[in-house]
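Atoms within a ligand are numbered from 1 in the order they appear, just like the ligands themselves. Numbering of residues begins at 1 and proceeds along the displayed sequence.
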Amino acid sequence: MGEYNHILVAVDLTEEARHVSKRACALGKAFSATMSCMHVIEPLSLAYGGDIPMDLSTIQEQIQETAKKQLADFAHSLSIPDENQHLIFGRPETEIHNLAEQIGADLIVVGSHGRHGLALLLGSTANGVLHGASCDVLAVRVGN
Ligand code: AMP
């Protein structure tokens, strides 16, 4: 105990994700921990329900292809091997929890915007991940 052995960094594939994952990798080096990274694609049908009367599957496939490439580029720049990259469909909070348990991660690293006002009331991914996580969660402050 006292050390982290397997760190899971959840990335939204924005520029900010670079800052979050650099922090995660620095921790990983300090503990000689295994690093894994993940990105969750929210299915368009989940986001928009049945509101859009068209077939979304082609757009969804394109989103998946782009995300896959971006995640791979991202992971390679951090020296995270292919087998530790995870691209998953679903809701970010739920999938981050599920994967952390599945791979036996003992630390989840996410970004946090330190929101206030209405945005705070509505909650954030970092909040969602913190609640119900079965391991430690590090929220790396990003933006303002
Ligand atoms: P948000 O609260 O949505 O601004 O996101 C804050 C943090 O949650 C991001 O920096 C990521 O660490 C994580 N996150 C948000 N969306 C995703 C996603 N689709 N896949 C993986 N991680 C995510």
### Message
Within the 3.5 Å criterion, strictly below it, is a donor on H39 or Q70 matched to an acceptor on the partner's side chain?
### Response
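Per modelled atom types, H39 and Q70 side chains form no pair under 3.5 Å.
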### Task
Check each atom of ligand 1 against the heavy atoms of V11 and keep those under 4.0 Å away; list them by number with element.
20 (N), 21 (C), 22 (N)
### Task
Could you tell me which atoms of ligand 1, counted from 1 in the order shown, lie closer than 4.0 angstrom to a heavy atom of V110?
12 (O)
Counting only nitrogen or oxygen atoms and a 3.5 angstrom limit, does [X] reach ligand 1?
{"X": "G111", "result": "yes"}
{"X": "I41", "result": "no"}
{"X": "S124", "result": "no"}
{"X": "H113", "result": "yes"}
{"X": "M38", "result": "no"}

#### Entry: Listed partners of K69 passing salt bridge (Lys or Arg N to Asp or Glu O under 4.0 Å), at least two apart
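Residues passing salt bridge (Lys or Arg N to Asp or Glu O under 4.0 Å) with K69: D73.
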### Query
What salt bridge (Lys or Arg N to Asp or Glu O under 4.0 Å) pairs are there with at least one residue in residues 94-112, not counting sequence neighbours?
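Counting only pairs at least two positions apart or across chains, no salt bridge (Lys or Arg N to Asp or Glu O under 4.0 Å) contact touches residues 94-112.
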### Summary
Restricting to heavy atoms, the pick from V129, T125, V142, I96 nearest atom 3 (O) of ligand 1 would be T125
Would a 4.5 Å heavy-atom cut-off, applied to side chains only, mark [X] and [Y] as touching?
{"X": "S21", "Y": "F74", "answer": "yes"}
{"X": "V11", "Y": "M38", "answer": "no"}
{"X": "L87", "Y": "I41", "answer": "yes"}

